[in-house]
Amino acid sequence: MEGDKILLIIEDDVNFAHILMDMARGRGFKALVALQGDKGLEMARQYLPDAIILDIQLPVMDGWTILGELKSSSATRHIPVHVISVIDDMKQGLMMGAIAYLKKPSSKDSLDKAFSHIKSYTENQLKRLLIVEDDEIQRKAIIELIGHDDVAITAVSTGSEALNELHSQRYDCMVLDLMLTDMTGFELLDQIRDDEYLNDLPIIIYTGKELDSKEEMKLRKYAESIIIKDVKSPERLLDETTLFLHRVEANLPEDKRRILQKLHNKETLFEGKKYCL
């Protein structure tokens, strides 16, 4: 039927796939199932589903490869992917752009929550971004860079304001500078990660601070992406926020699309090339 929301289930356990399919139909989704990784990727490209449930251990092509392929293509990177797997690597999944990660075996309650998350994600076209940056000029520049009618942006200058915002409503992504006036970015991250309701919030560190290896290792535990501010960094920030907000690239204004295309073309240009000195 026209207007049906499509959920693609990529799962090789037939019984579990049936359970997921029944749950999907009960929530008004039209469910498609792929029992092999390669078939799942093929169906994702063909049908462009509204959401995907993805297992990691799959025959022919594993879930990490599928997630990487989906997120590297402008046609599919906006599709929300919820990973459900025996592999316990939530951090890897979120870093690669999954909206959430559930470990198997999964209780009925946790599966219900996963489906509620998927349903609300497919219904809310407007994504919410929190910017935490103490410099007013930088704040305005980030809003200008990312802003469009598909994203509601809230910008604050302190860690305590950021915590108030995060506890008052759900955000889809946060951009954080480490140099704040009331607390360090590290202290803010500690408080966020102590809150179980915020543990799947994608965090992009966007900072001018030179990081030593110890600081960088600590940040990698918390954040999905670390961008050091320089001449090229706005392009990367637009790209990373587009990924974690699951924005449809084709619907972005032309100037933003051009920035992303230029960045991705540059990256594919160097892929697989070896240089001899």
Side-chain angles (χ1 to χ4, degrees), residues 6-17 19-21 24 31-106 110-111 114-115 117-118 121-122 172-173 199-205 216-217 219-227 236 239-247 249 260 263-264 267-268 270-273:
I6 297 173
L7 176 69
L8 172 61
I9 297 159
I10 308 176
E11 167 62 66
D12 67 330
D13 179 331
V14 179
N15 293 334
F16 191 52
I19 291 167
L20 295 175
M21 197 160 69
L32 301 173
V33 174
L35 300 171
Q36 287 182 194
D38 58 332
K39 292 278 188 292
L41 182 59
E42 205 178 290
M43 287 168 79
R45 287 169 172 161
Q46 184 182 346
Y47 296 104
L48 297 176
D50 296 276
I52 295 171
I53 288 178
L54 177 66
D55 188 15
I56 297 299
Q57 289 183 316
L58 294 162
V60 186
M61 181 186 283
D62 72 7
W64 296 130
T65 307
I66 295 167
L67 191 54
E69 289 285 333
L70 293 172
K71 296 303 171 186
S72 63
S73 162
S74 63
T76 52
R77 74 193 309 232
H78 65 279
I79 300 170
V81 177
H82 196 307
V83 176
I84 302 180
S85 174
V86 291
I87 306 269
D88 189 6
D89 201 346
M90 181 178 180
K91 189 75 206 149
Q92 170 81 358
L94 297 180
M95 275 177 74
M96 290 179 72
I99 57 163
Y101 200 104
L102 181 61
K103 191 175 180 309
K104 287 180 188 171
S106 321
S110 58
L111 285 174
F115 272 96
H117 189 182
I118 292 165
Y121 216 97
T122 58
D172 298 294
C173 182
N199 66 8
D200 60 357
L201 171 73
I203 298 171
I204 300 168
I205 306 295
E216 191 168 333
M217 267 178 67
L219 285 177
R220 294 252 172 242
K221 281 189 205 154
Y222 291 120
E224 276 56 53
S225 178
I226 301 169
I227 303 171
R236 279 200 58 211
D239 187 47
E240 296 286 295
T241 51
T242 301
L243 173 67
F244 292 119
L245 290 169
H246 299 83
R247 301 174 84 177
E249 208 171 295
L260 294 172
L263 184 71
H264 290 154
E267 283 171 2
T268 46
F270 295 111
E271 257 176 36
K273 291 203 174 174

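All values below come from the heavy atoms of this structure, side chains included, with hydrogens, waters and symmetry mates left out.
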*Asks:* When you measure from the side chain of Ser72 to the backbone of Gly68, do you find a donor-acceptor pair of N or O atoms at a distance under 3.5 Å?
*Replies:*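 Indeed, once roles are kept as given, a pair shorter than 3.5 Å links the two residues.
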
*Asks:* Run the side-chain contact (heavy atoms from CB on, under 4.5 Å) test on Leu7 and Leu32 for me, step by step, so that the C-alpha distance in whole Å, both residues' side-chain angles and the decisive distance to 0.1 Å come before the verdict.
*Replies:* CA-CA 6 Å; Leu7 176 69; Leu32 301 173; over 6 Å; no

*Asks:* Between the main-chain N or O of Asp13 and the side-chain N or O of Glu11, is there a donor-acceptor pair closer than 3.5 Å?
*Replies:*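 Side chain of Glu11 to backbone of Asp13: a pair is present.
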
*Asks:* Given side chains that start at C-beta, do those of Arg236 and Ser225 come closer than 4.5 Å, heavy atoms only?
*Replies:*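 Yes, side chains in contact.
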
*Asks:* Which atoms form the tightest heavy-atom contact between Ala114 and Leu102, and what is the distance?
*Replies:*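 In terms of heavy atoms, the two residues are closest at CB-CD2, 4.2 Å.
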
*Asks:* Is it the case that the side chain of Glu224 and the backbone of Ile204 share a donor-acceptor pair, with hydrogens and angles ignored and the cut-off at 3.5 Å?
*Replies:*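 No.
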
*Asks:* Roughly how far, to the nearest 0.5 Å, is CG of Leu245 from NE2 of His78?
*Replies:*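 Spacing of NE2 (His78) from CG (Leu245) equals 13.5 Å.
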
*Asks:* For a quick test of reading the model, state the closest non-hydrogen atom pair linking Ala100 to Asp200 and the distance between them.
*Replies:*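 For Ala100 versus Asp200, the nearest heavy atoms are CB-OD2, 4.3 Å.
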
*Asks:* Specify the closest pair of heavy atoms between Asp12 and Gln57, including all atoms of both residues, with the distance to one decimal.
*Replies:*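 Minimum heavy-atom separation between Asp12 and Gln57: OD1-O, 3.6 Å.
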
*Asks:* About how many Å separate CD1 of Ile56 and CD1 of Ile10, when rounded to the nearest 0.5 Å?
*Replies:*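 Output value for this atom pair is 10.0 Å.
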
*Asks:* Over all heavy atoms of both residues, which pair between Ala31 and Ile9 is shortest? Give the atoms and the distance, please.
*Replies:*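 Between these two residues, the closest heavy atoms are CB-CD1, 4.3 Å.
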
*Asks:* Distance-only, no hydrogens or angles: does the His246 side chain make a donor-acceptor pair with backbone N or O of Phe244 under 3.5 Å?
*Replies:*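 Yes, because the side chain of His246 sits within donor-acceptor range (under 3.5 Å) of the backbone of Phe244.
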
*Asks:* Tell me whether Gln92 at atom CD has more than 12 heavy atoms from other residues, nucleotides or ligands lying less than 6.0 Å away.
*Replies:*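 Check passes, neighbour count above 12.
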
*Asks:* Testing the 3.5 Å rule here: is there a donor-acceptor pair between the side chains of His82 and Tyr121?
*Replies:*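 Tyr121 and His82 do not have a side-chain donor-acceptor pair below 3.5 Å.
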
*Asks:* What's the spacing between Ser106 OG and Ile84 CD1 if we round to 0.5 Å?
*Replies:*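 Spacing of OG (Ser106) from CD1 (Ile84) equals 5.5 Å.
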
*Asks:* Is there side-chain contact between Arg220 and Ile226, with at least one heavy-atom pair below 4.5 Å?
*Replies:*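 The answer is yes; the side chains approach within 4.5 Å.
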
*Asks:* Testing the basics here: between Leu201 and Cys173, what is the closest heavy-atom pair and its distance to 0.1 Å?
*Replies:*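 Shortest heavy-atom contact: CD1-N, 3.9 Å.
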
*Asks:* Any Lys/Arg nitrogen of Lys221 or Glu216 sitting under 4.0 Å from an Asp/Glu carboxylate oxygen of the other?
*Replies:*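 A salt bridge is absent here (no side-chain N lies under 4.0 Å from a carboxylate O).
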
*Asks:* Which value, rounded to the nearest 0.5 Å, describes the distance between Tyr101 atom OH and Asp88 atom CG?
*Replies:*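 Result: 7.0 Å between the selected atoms.
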
*Asks:* For residues 42-54, which side-chain donor-acceptor pairs fall under 3.5 Å, sequence neighbours excluded?
*Replies:*
from: Arg45; atom 1: NH2; to: Glu69; atom 2: OE1; distance (Å): 2.9
from: Asp50; atom 1: OD2; to: Ile6; atom 2: N; distance (Å): 2.7

*Asks:* If you round to the nearest 0.5 Å, how far is CD of Glu249 from CG of Leu260?
*Replies:*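 These two atoms lie 4.5 Å from each other.
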
*Asks:* Can you see whether Thr242 engages Asp239 through a side-chain donor-acceptor pair at a distance of less than 3.5 angstrom?
*Replies:*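 There is no such pair between these side chains.
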
*Asks:* Between Lys104 and Asp55, does at least one N-O distance fall below 4.0 Å, as a salt bridge requires?
*Replies:*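 The answer is yes: the pair qualifies as a salt bridge.
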
*Asks:* Please confirm whether the backbone N or O of Arg77 pairs with a side-chain atom of Lys71, one donor and one acceptor, at under 3.5 Å?
*Replies:*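 Present.
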
*Asks:* Taking the side chain as every heavy atom from C-beta outward, state whether Val83 and Met90 have any pair of such atoms under 4.5 Å apart.
*Replies:*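 When only atoms from C-beta onward are counted, Met90 and Val83 do not touch, as no gap falls below 4.5 Å.
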
*Asks:* Once rounded to the nearest 0.5 Å, what's the spacing between atom CG of Leu94 and atom CG of Asn199?
*Replies:*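 Leu94 atom CG to Asn199 atom CG measures 8.0 Å (nearest 0.5 Å).
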
*Asks:* Considering non-hydrogen atoms only, spot the tightest contact between Leu8 and Gly40 and give its length.
*Replies:*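 So the two residues come closest at CD2-O, 3.5 Å.
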
